[in-house]
Amino acid sequence: MEFSLFYFSGDGSTNQTNKYNLLIESAKFADKNGFSAVWTPERHFHPFGGLYPNPSLTSTALAMVTEQIQLRAGSVVMPLHNPARIAEDWSVVDNLSQGRVAIAFASGWTVDDFVLSTETHANRREAMWRGIETVQKLWQGEQVEFQDVTGKSFKLKTFPKPVQPKFPLWIVCQSPATFIEAGKIGANILTSLLGGTLEEVATQISLYRESLAKHGHDPLAKKVAMMLHTFVGEDFDIVKEQVREPFYNYLKTHIDLLENLAKNSGVNVNLATFTEADIKSLLRFAYEGWLKGRTLIGSKTTCMRMIELLKQAGVNEVACLIDFYSDFDAVMASLSYLKFYYQCFWRTDPGYYSAPARNIADHGSDRGF
């Protein structure tokens, strides 16, 4: 099991200085303590996540303050961009970082984002797969045919030449079809529990591994990273109350997460009809549900058990989303527990830690996960 840091929740509407302090300092920590990567997303036109409109820019900054850790886009929304521009931008980052770039691609989900490329929304999935292929060719120095404004075809190459002959490829996956297609092309997987349970994702991971093998790729050589909201402490009850209000605020900003969680619990809701008291009750319900097998929020012990369940499901990296909680000192202190987990899973002494493995179906029976 590997551990990486994931950023998504930073509020781009605030006026405070040092908006990127947590990003920079936590990345430095991760770089010095054996973490595998840092992920920065592509977010547009919304204050929530608004610190991260361009992962190539944030990765450029991180390239200047880190030395070892991989710098990943989590993700690039392929249909919003010309593939040639993606190859150019990330080649610069690859050079600045001495070959530490990796890119996760997504097809896009928010309609408003497609003001950046209005013609691609209807066929965004096809545009993603086609664009990935083009970026890979350009990255490897091939000439690729494009059309100018008159419709005339011509071939071009992009510069600068990257350090890596091939960049590590990731695909953001939620549906079974995308897991299978990612396996077909030999990509790694970035997924989450925002739209399903761990049992459901475990089934999709099995389909992915089968697809890898079927298409000639080593199924054990590829990674499945699970994005989880993360905050770890010594005592579960203390952590639960410490994180409650920040997580309420997070859920209020993403109302669709509330609706999805209620739906997954068998409850259909229409939030337009809810009073303030109704919303508060729903937030409490959602938070309690989120703590049952959907996060790494809890104590050192309960989170270790969750990690064991992820291993059983076929996950081999936890992408720890840390910036939903705005208390810089608290988040940085929590990272020491992730360092502990890293040491547990990478030390050669199998008795270094003790955490009972559990069947995935039993995960909801224990307090805290």
Side-chain angles (χ1 to χ4, degrees), residues 1-4 6 8-9 172-176 179 189-208 223-244 246-248 250-251 254 256-267 269 282-322 324-325 334 337-338 341 344-345 353-369:
M1 185 67 74
E2 297 183 358
F3 297 86
S4 55
F6 197 100
F8 191 86
S9 309
V172 177
C173 294
Q174 293 293 336
S175 69
F179 275 86
I189 295 290
L190 173 62
T191 190
S192 72
L193 296 176
L194 298 181
T197 65
L198 186 54
E199 295 95 325
E200 291 168 338
V201 176
T203 299
Q204 295 172 338
I205 292 172
S206 295
L207 293 173
Y208 163 66
K223 292 183 181 180
V224 175
M226 176 71 74
M227 186 278 287
L228 292 176
H229 298 82
T230 301
F231 189 89
V232 187
E234 285 294 327
D235 182 88
F236 172 78
D237 292 318
I238 292 174
V239 169
K240 178 180 178 180
E241 294 310 313
Q242 185 178 3
V243 176
R244 181 182 295 275
F247 208 79
Y248 279 10
Y250 166 80
L251 290 174
H254 276 277
D256 58 314
L257 294 181
L258 285 172
E259 293 178 329
N260 286 339
L261 187 62
K263 183 179 180 181
N264 290 334
S265 301
V267 180
V269 298
L282 183 58
L283 286 170
R284 184 167 55 251
F285 165 79
Y287 183 55
E288 296 292 337
W290 221 270
L291 294 180
K292 295 178 180 178
R294 292 180 182 271
T295 71
L296 277 188
I297 296 174
S299 71
K300 182 167 64 176
T301 301
T302 60
C303 289
M304 179 65 89
R305 292 171 182 163
M306 181 63 184
I307 292 169
E308 288 291 340
L309 295 174
L310 292 168
K311 285 181 62 180
Q312 292 176 29
V315 174
N316 45 19
E317 179 177 313
V318 184
C320 302
L321 193 157
I322 62 173
F324 68 92
Y325 192 4
S334 176
Y337 293 98
L338 301 182
Y341 294 142
C344 287
F345 282 94
Y353 72 94
S354 177
R358 299 178 180 224
N359 186 281
I360 294 174
D362 294 334
H363 74 277
S365 63
D366 190 79
R367 185 183 66 167
F369 69 99

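Note that the structure is predicted; figures quoted are calculated from it, not measured.
- For the side-chain contact (heavy atoms from CB on, under 4.5 Å) test, residues two or more places apart in sequence or in another chain that qualify with Ser334 are Phe231, Val232.
- Rounding to the nearest 0.5 Å gives a distance of 14.5 Å between OH of Tyr337 and SG of Cys320.
- Among residues two or more places apart in sequence or in another chain, the salt bridge (charged side-chain N to carboxylate O under 4.0 Å, His left out) test is passed with Arg284 by none.
- Without hydrogens or angle criteria, Thr191 side chain to Cys173 main chain gives a donor-acceptor distance under 3.5 Å.
- Considering only heavy atoms from C-beta on, Ile307 stays 4.5 Å or farther from Val315 through its side chain.
- When all heavy atoms of Leu321 and Ser9 are compared, the pair lying nearest together is CD2-OG, 3.5 Å.
- Between Leu310 and Met306, some side-chain heavy-atom pair lies under the 4.5 Å cut-off.
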Could you walk me through whether Leu228 and Arg294 pass the side-chain contact (heavy atoms from CB on, under 4.5 Å) test, one step at a time? CA-CA 7 Å; Leu228 292 176; Arg294 292 180 182 271; 5.6 Å; no
Show your working on side-chain contact (heavy atoms from CB on, under 4.5 Å) between Thr301 and Phe236 and close with a plain yes or no. CA-CA 9 Å; Thr301 301; Phe236 172 78; over 6 Å; no
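- Here Met304 contributes atom CE and Leu309 contributes atom CG; the two are 12.0 Å apart, rounded to the nearest 0.5 Å.
- The side-chain contact (heavy atoms from CB on, under 4.5 Å) check on Glu241 picks up Arg244, with sequence neighbours excluded.
- Between Leu338 atom CG and Lys300 atom NZ the span is 12.5 Å, to the nearest 0.5 Å.
- Under the salt bridge (charged side-chain N to carboxylate O under 4.0 Å, His left out) criterion, Lys240 pairs with Glu288, sequence neighbours left out.
- Classified by interplanar angle (parallel below 30°, tilted 30° to 60°, perpendicular above 60°), the ring pair Tyr250/His229 is perpendicular.
- Nearest heavy atom pair, residue Gln174 against residue Gln204, reads O-NE2, 3.1 Å.
- With values rounded to the nearest 0.5 angstrom, Thr295 atom OG1 is found 11.0 Å from Met227 atom CE.
- For the pair Tyr325/Gln242, a side-chain contact is recorded, criterion being any heavy-atom separation below 4.5 Å from C-beta on.
- Counting heavy atoms from C-beta on, the side chains of Ile205 and Ile189 never come closer than 4.5 Å.
- For Ser4, the side chain to side chain donor-acceptor pair (under 3.5 Å) criterion is met by Trp39, Glu317, not counting sequence neighbours.
- A search for side chain to side chain donor-acceptor pair (under 3.5 Å) contacts involving Ser175 returns Thr178, not counting sequence neighbours.
- Contact detail for Pro246 and Val243: the closest heavy-atom pair is CD-O, 3.1 Å.
- In this structure, the separation between CG on Leu207 and CZ on Phe179 is 9.0 Å, given to the nearest 0.5 Å.
- Minimum heavy-atom separation, Gly293 to Leu193: O-CD1, 3.2 Å.
- Under the ring pair (Phe, Tyr, Trp, His ring centres under 6.0 Å) test applied with Phe324, the options Trp290, Phe247, Phe6, Tyr248 reduce to a single match, Phe247.
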